[in-house]
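Here's the structure, in structure tokens; my notes come after.
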Amino acid sequence: MNFQIGLIPGDGIGPEIVREAKKVLDKVCEVYGHTFTYTELLLGGASIDAHGVPLTEETISEAKSKDAVLMGSIGGDAKTSPWYQLEPSKRPEAGLLGIRKALNLFANLRPAYLYKELQAACPLREDIIGDGFDMMIMRELTGGLYFGERKTVEENGVRKAIDTLTYDEHEIRRIAKRAFDIARKRRGKVTSVDKANVLDSSRLWRAVVDEVAGDYPDVTLEHMLVDNCAMQLVRDPKQFDVILTENMFGDILSDEASMVTGSIGMLSSASLNETKFGLYEPSHGSAPDIAGQDKANPIATILSAAMMLRYSLDLDEEAGAVEAAVQKVLTEGYRTGDIMSQGCTLVGTGKMGDLIAEAITR
Ligand code: NAD
């Protein structure tokens with residue numbers, strides 16, 4: 001099959017890790033007989049250097065015309081980079097927020113998967129980890145408290161701040177559908193997280209999720225209060241498959257879930273809109289401290305490319321082949337510096353990409 005892919009190398013280690021992910025995608029094309037046509041797009045600091053702004057209309061329209069976009073990371077060292085002398089709306093991060101908004105990416109997906117080989121990095125006890133865990137946090141990204149009306153006023157000499165948490169049923173329905181679709185591609189369970197014992201927005205959330213569940217009789221739905229979910233993530237993370245939640249709860253829970261896996265260089269993510277389109281990127285930043293030194297771990301970006309194959313291109317078998325290749329290379333004991341442990345073989349960014357690409361088979 002033929003697909004058009006946008007590539008945003010970005011800043012810092014971005015170009016190195018995207019290069020390795022492309023290497024792996026090229027091998028997927030070779031093994032499975034697909035053709036991917038790539039277009040490089042500028043965002044963040046790289047766009048500021050070329051055009052004076054972190055995001056251009058050209059990048060937006062090019063991205064919209066693609067089947068999916070794979071990104072490295074953007075941004076520099078805030079203390080030394082001239083990008084941070086600019087006003088906030090012209091800095092690299094404004095480009096990222098801008099493209100998410102322009103592409104209407106309302107659903108953020110972050111897997112938390114514990115590789116057996118990297119168990120030492122997990123802060124949980126061995127008996128809790130068991131055979132490992134594999135969950136996906138789906139967070140609503142463009143509504144709720146972070147986008148509601150807000151103001152600070154002074155009444156009778158007392159300062160008062162107001163934030164509003166608003167969701168309409170359409171916003172809830174569209175993300176719930178994505179969560180159920182994704183659960184179908186996994187183990188068929190959705191845990192919807194809310195605070196329905198207190199918040200009206202959560203009671204509507206729960207009602208709409210129940211309605212959507214009616215169209216997915218093959219998927220099991222459970223509701224969980226957010227405070228309980230925060231506890232369950234460290235008490236028994238194995239119970240979760242897809243966690244569906246609103247913006248602020250998801251912000252907190254997705255960080256908690258990724259921390260229990262322990263290694264930042266391994267964490268992929270996706271941001272999706274109502275179509276098949278998605279923007280795929282590692283959860284980590286541009287790591288300017290190690291940029292250009294062949295030290296960056298490319299696995300988070302390679303696993304983001306696997307998510308792109310599965311969720312935007314519907315190439316499930318190919319996505320599985322990439323994940324299996326990562327697993328094989330870890331089992332063989334190869335490690336970049338950030339996940340290195342005794343008895344393993346230290347490799348650089350390029351070598352890690354080579355090894356994973358070589359391990360792709362049908
Ligand atoms: P960071 O994630 O870039 O780095 C934190 C630490 O983790 C550093 O020590 C770094 O060397 C290490 N690290 C990160 N990714 C790694 C990898 N793949 N392999 C090995 N080590 C890795 O976070 P930061 O230092 O707070 O931010 C640096 C820049 O990245 C800032 O400009 C920030 O705004 C930007 N940022 C961008 C994104 C994004 O593009 N989505 C996300 C977060 C931060």
Side-chain angles (χ1 to χ4, degrees), residues 6-21 23-24 41-49 54-55 59 63 69-86 88-101 103 105 108-110 115 118 121 139 141 251 254-255 258-259 261-271 278-305 307-308 326 329-330 334-341 344 346-353 356:
L7 286 183
I8 301 179
D11 310 315
I13 60 171
E16 302 163 57
I17 53 183
V18 168
R19 185 191 63 217
E20 298 315 312
K23 202 183 266 177
V24 172
L41 309 174
L42 292 178
L43 185 75
S47 177
I48 296 172
D49 290 346
L55 173 64
T59 290
V69 173
L70 179 66
M71 190 177 108
S73 44
I74 53 112
D77 185 332
K79 287 198 191 105
T80 57
S81 164
W83 300 327
Y84 296 91
Q85 305 298 317
L86 300 166
S89 67
K90 300 258 170 64
R91 292 180 190 169
E93 289 71 18
L96 188 55
L97 295 178
I99 198 166
R100 283 180 181 152
K101 194 166 174 220
L103 299 173
L105 302 171
N108 182 248
L109 264 186
R110 267 166 69 170
Y115 287 90
L118 304 182
R139 163 190 172 191
L141 208 54
D251 189 7
S254 63
D255 268 16
S258 56
M259 264 321 291
T261 69
S263 30
I264 193 168
M266 303 290 297
L267 299 170
S268 53
S269 86
S271 300
L279 174 71
Y280 297 84
E281 56 176 317
S283 296
H284 59 72
S286 60
D289 53 327
I290 56 166
Q293 299 171 36
D294 196 38
K295 284 184 179 166
N297 184 349
I299 294 179
T301 317
I302 291 169
L303 292 173
S304 302
M307 289 179 85
M308 176 180 85
V326 169
V329 168
L330 292 175
Y334 295 103
R335 303 281 189 274
T336 45
D338 57 313
I339 51 171
M340 184 62 188
S341 57
C344 292
L346 182 66
V347 294
T349 312
K351 180 72 179 167
M352 183 56 96
I356 295 169

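All figures in this text were calculated on a predicted structure; none of them were measured in a lab. Numbering of ligands and ligand atoms starts at 1, following listing order. Start at 1 with the first residue, then count along the sequence.
- Atoms NZ and CG, from Lys101 and Leu96 in turn, are 14.0 Å apart once rounded to the nearest 0.5 Å.
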Under 3.5 Å: N or O atoms of ligand 1 paired with protein N or O:
from	atom 1	to	atom 2	distance (Å)
ligand 1	2 (O)	Gly285	N	2.7
ligand 1	3 (O)	Ser286	N	3.2
ligand 1	3 (O)	Ala287	N	2.8
ligand 1	9 (O)	Asp289	OD2	3.1
ligand 1	11 (O)	Asp289	OD1	3.0
ligand 1	11 (O)	Asp289	OD2	3.0
ligand 1	15 (N)	His284	ND1	3.3
ligand 1	18 (N)	His284	NE2	3.1
ligand 1	18 (N)	Asn297	O	3.0
ligand 1	19 (N)	Asn297	N	2.8
ligand 1	30 (O)	Ser286	N	3.0
ligand 1	30 (O)	Ser286	OG	3.2
ligand 1	32 (O)	Gly76	N	3.2
ligand 1	32 (O)	Gly76	O	2.7
ligand 1	32 (O)	Tyr84	OH	3.1
ligand 1	32 (O)	Glu93	OE2	3.3
ligand 1	34 (O)	Glu93	OE2	2.5
ligand 1	40 (O)	Ile74	N	2.9
ligand 1	41 (N)	Glu281	OE1	3.0

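- Minimum interatomic distance between Val18 and Met71 (heavy atoms only, all atoms of both residues): CG2-C, 3.8 Å.
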Q. Should Leu55 and Ser47 be marked as a side-chain contact (heavy atoms from CB on, under 4.5 Å) after you check the CA-CA gap, both sets of side-chain angles, and the distance that decides it?
A. CA-CA 6 Å; Leu55 173 64; Ser47 177; 5.7 Å; no
Tabulate below the donor-acceptor pairs under 3.5 Å that side-chain atoms of residues 287-298 make, not counting sequence neighbours, or state none.
from	atom 1	to	atom 2	distance (Å)
Gln293	OE1	Lys295	NZ	3.1
Gln293	NE2	Asp289	O	3.1
Asp294	OD1	Thr349	N	3.0
Asp294	OD1	Gly350	N	3.0
Asn297	OD1	Ile299	N	2.9
Asn297	ND2	Gly265	O	3.4
Asn297	ND2	Thr336	OG1	3.4
Asn297	ND2	Asp338	OD2	3.1

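- Looking at Glu20 and Lys23, a side-chain N of the basic residue comes within less than 4.0 Å of a carboxylate O on the acidic one, giving a salt bridge.
- Here OH of Tyr115 is found 10.0 Å from OG1 of Thr261. Values are rounded to the nearest 0.5 Å.
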